[in-house]
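Just so you know, these numbers use all the heavy atoms, side chains as well, and skip hydrogens, waters and symmetry mates.
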Amino acid sequence: MNGEEEFYDAVTGLESDESYEGVSEASFKDAIVFEGTQEDSDGLPQENGVRERRTTLPAPMFSRNNFSVWGILKKCIGLELSKIAMPIVLNEPLSFLQRISEYMEHTYLIHKACSMPDPVDRIQAVAAFAVSAVASQWDRTGKPFNPLLGETYELIREAEGYRLISEQVSHHPPVSAFHAESLKQDFVFHGSIYPKLKFWGKSVEAEPRGTITLELLNHKEAYTWTNPLCCVHNIILGQLWIEQYGTVEILNHSTGDRCVLNFKPCGMFGKELHKVEGYIQDKNKRRRRVLYGKWTECVWSVEPQEYEAQRKAERKGVGDARKHKQQDDVAVLENEDADDMPEVQETVAVVPGSTLLWRVAPRPAHSAQMYNFTSFAMSLNELEPGMEGTLSPTDCRLRPDIRAMENGDIDTASAEKERLEEKQRAARKERAKDEEEWSTRWFQSGTNPYTGSQDWLYTGGYFDRKYTDCPDIY
């Protein structure tokens with residue numbers, strides 16, 4: 001292992017199915033679900049050459065029960081984990097570029113926003129998309145592979161109407177840029193992510209720096225936001241568990257409407273675990289809707305006055321119940337060895353008159369044996385015959401260390417990972433000797449036209465399939 005290898009957890013991801021607007025409280029359990037199955041009526045291969053996407057991995061994950069990272073992390077408390085070598089046993093068989101692409105399972109929410117004439121309805125759909133994008137983080141405690149400089153990943157989903165390209169544009173610091181576009185040219189979704197991680201003794205906190213931008217071209221609207229913080233608890237001892245927290249502000253730069261979402265930390269007694277609450281306000285700062293739910297489960301929308309009336313009713317009589325419960329809860333604070341995960345309450349109390357914006361899809365029954373992957377994640381590293389002739393040679397489906405790990409060969413995966421890192425270091429030294437700067441292939445550094453901040457922008461041309469000048473990174 002080499003100390004220059006960067007360690008960071010993905011801070012984006014997703015897993016959901018489609019839920020339609022207008023679903024009442026009474027019909028919550030019967031809400032229509034979009035399964036995302038591929039139309040293939042002509043029998044021809046589609047979507048990167050895959051006729052029918054796989055539903056499992058070639059091999060189950062290996063046990064991490066006998067491994068401890070304390071020897072590595074004990075000197076890193078309070079520091080950024082940017083140059084700490086982490087063993088492959090902590091990985092999952094996906095690149096961070098593939099983890100970013102997990103946003104795209106929820107593309108139906110973007111399509112929904114594109115079809116809505118009312119701007120408040122549109123920002124509601126965008127907010128649901130932003131929340132659903134972190135849903136796949138739940139129980140995904142493995143870290144993705146760090147992308148090599150120049151590594152790419154493409155994802156084409158013709159049935160869902162989009163294609164995506166991503167590239168690792170910087171190694172120190174690690175920056176991943178992505179660009180997705182509608183095949184019907186009605187939206188563009190892009191951004192760059194720079195994860196910053198710190199170890200706090202029992203937990204690792206990931207701050208997902210970078211701006212996410214969604215443009216609805218038919219409405220001439222642009223939305224920007226950043227992701228919430230992610231914390232993985234019990235890194236040293238106990239059962240790993242994840243929470244998301246922080247404020248996410250989604251701004252419509254065209255109308256001035258904004259949505260403010262509060263991803264709540266679990267709190268002292270775990271009562272706020274997974275909860276998300278927020279509101280939509282127009283440019284005159286008038287609140288139009290309240291959003292609430294759990295990022296692991298669902299998001300609902302309701303009129304502000306109905307939400308406040310319901311909450312006032314719930315607060316009556318809570319004081320006495322809280323006093324009786326405090327003595328029992330004190331015991332939770334006495335465990336100094338692990339941050340016990342609070343008991344999860346899987347249901348959300350639905351306020352009468354609410355509309356369902358999004359609901360998570362069940363994971364496969366074998367998900368726990370497959371790195372807790374969602375159905376969407378299962379398909380991301382699939383490499384079918386014929387695809388190698390189409391993909392860029394830098395596509396992470398072609399990475400031998402990830403492929404070996406997916407196949408259950410940990411020794412080969414570890415050896416290949418070290419070989420690739422050494423090759424990357426040698427290439428960097430050679431460039432330094434020749435005083436040559438690294439040149440990105442598909443993105444260039446620029447200014448986000450909506451926020452004015454530094455960003456990485458797609459220069460085009462990837463899908464022309466001209467890859468003769470791509471770097472040799474594998």
Side-chain angles (χ1 to χ4, degrees), residues 1-10 57-64 67 69 71-73 81-101 142-154 166-176 195 197 371 380-385 387-434 436-442 467-474:
M1 296 301 165
N2 186 280
E4 294 184 359
E5 178 197 356
E6 297 182 44
F7 166 57
Y8 56 88
D9 284 302
L57 299 180
M61 68 177 290
F62 47 87
S63 174
R64 299 183 178 125
F67 181 81
V69 298
I72 298 171
L73 294 181
L81 301 179
S82 60
K83 295 185 178 181
I84 307 302
M86 301 302 293
I88 200 171
V89 71
L90 298 180
N91 283 45
E92 64 178 22
L94 288 177
S95 168
F96 184 61
L97 296 180
Q98 293 167 310
R99 190 80 176 254
I100 290 175
S101 73
K143 63 173 289 289
F145 280 71
N146 304 324
L148 301 170
L149 186 60
E151 183 175 311
T152 61
Y153 181 67
E154 70 167 73
S166 57
E167 179 182 4
Q168 190 71 5
V169 294
S170 175
H171 185 61
H172 290 300
V175 181
S176 306
L197 269 76
Y371 303 89
L380 293 178
N381 203 47
E382 189 169 16
L383 185 63
E384 289 290 302
M387 288 179 68
E388 292 187 53
T390 301
L391 296 173
S392 166
T394 54
D395 193 284
C396 49
R397 291 180 185 86
L398 305 177
R399 275 189 64 161
D401 51 353
I402 296 178
R403 184 64 56 192
M405 185 179 192
E406 180 180 273
N407 291 330
D409 187 348
I410 301 304
D411 291 339
T412 298
S414 183
E416 284 295 317
K417 179 170 173 285
E418 293 193 18
R419 180 185 68 81
L420 293 177
E421 290 163 359
E422 181 56 38
K423 183 174 183 177
Q424 182 171 237
R425 286 190 294 273
R428 185 167 62 247
K429 291 178 181 178
E430 191 67 24
R431 288 194 304 272
K433 184 175 68 175
D434 297 338
E436 178 184 347
E437 294 291 332
W438 173 263
S439 178
T440 54
R441 182 65 179 84
W442 308 110
Y467 304 136
T468 54
D469 56 348
C470 288
D472 175 18
I473 59 175
Y474 301 145

Quick one: pull up [atom1] in [X] and [atom2] in [Y] and give me the separation to the nearest 0.5 Å.
X: Ile100; Y: Leu94; atom1: CD1; atom2: CG; answer: 12.0 Å
X: Arg425; Y: Glu418; atom1: CZ; atom2: CD; answer: 8.0 Å
X: Asn381; Y: Ser95; atom1: CG; atom2: OG; answer: 9.0 Å
X: Asn91; Y: Met61; atom1: CG; atom2: CE; answer: 11.0 Å
X: Ile473; Y: Leu420; atom1: CD1; atom2: CG; answer: 8.5 Å
X: Arg99; Y: Ser176; atom1: CZ; atom2: OG; answer: 12.5 Å

Side-chain donor/acceptor of [X] to backbone N/O of [Y], under 3.5 Å:
X: Asp395; Y: Leu398; value: no
X: Tyr153; Y: Leu380; value: yes
X: Glu167; Y: Thr440; value: no

Heavy atoms only: give me the nearest [X]-[Y] pair and the separation to one decimal.
X: Met405; Y: Ala413; answer: N-CB, 3.7 Å
X: Ile88; Y: Phe62; answer: O-CZ, 4.2 Å
X: Phe145; Y: Pro93; answer: CE1-CA, 4.2 Å
X: Cys470; Y: Thr394; answer: CB-CG2, 4.2 Å
X: Gln98; Y: Ser101; answer: O-OG, 2.5 Å

Asp409/Arg403 under salt bridge (Lys or Arg N to Asp or Glu O under 4.0 Å): CA gap, chis, key distance, verdict: CA-CA 9 Å; Asp409 187 348; Arg403 184 64 56 192; over 6 Å; no
Answer yes or no: is there an ion pair linking [X] with [Y], defined by an N-O contact shorter than 4.0 Å?
X: Arg419; Y: Asp401; value: no
X: Glu382; Y: Arg397; value: no
X: Lys423; Y: Asp472; value: yes
X: Glu151; Y: Arg399; value: yes

4.5 Å side-chain heavy-atom contact, [X] and [Y]:
X: Tyr467; Y: Pro393; result: yes
X: Trp438; Y: Pro471; result: yes
X: Ser392; Y: Glu154; result: no
X: Lys143; Y: Phe96; result: no

By side-chain hydrogen bond (donor to acceptor under 3.5 Å, both in side chains) - contacts of Asn407 (at least two apart):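 Counting only residues at least two positions away or on another chain, Asn407 forms no side-chain hydrogen bond (donor to acceptor under 3.5 Å, both in side chains).
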Starting from the C-alpha separation in whole Å, work towards a yes-or-no answer on side chain to side chain contact (heavy atoms under 4.5 Å, CB included) for Leu148 and Tyr474. CA-CA 9 Å; Leu148 301 170; Tyr474 301 145; 3.7 Å; yes
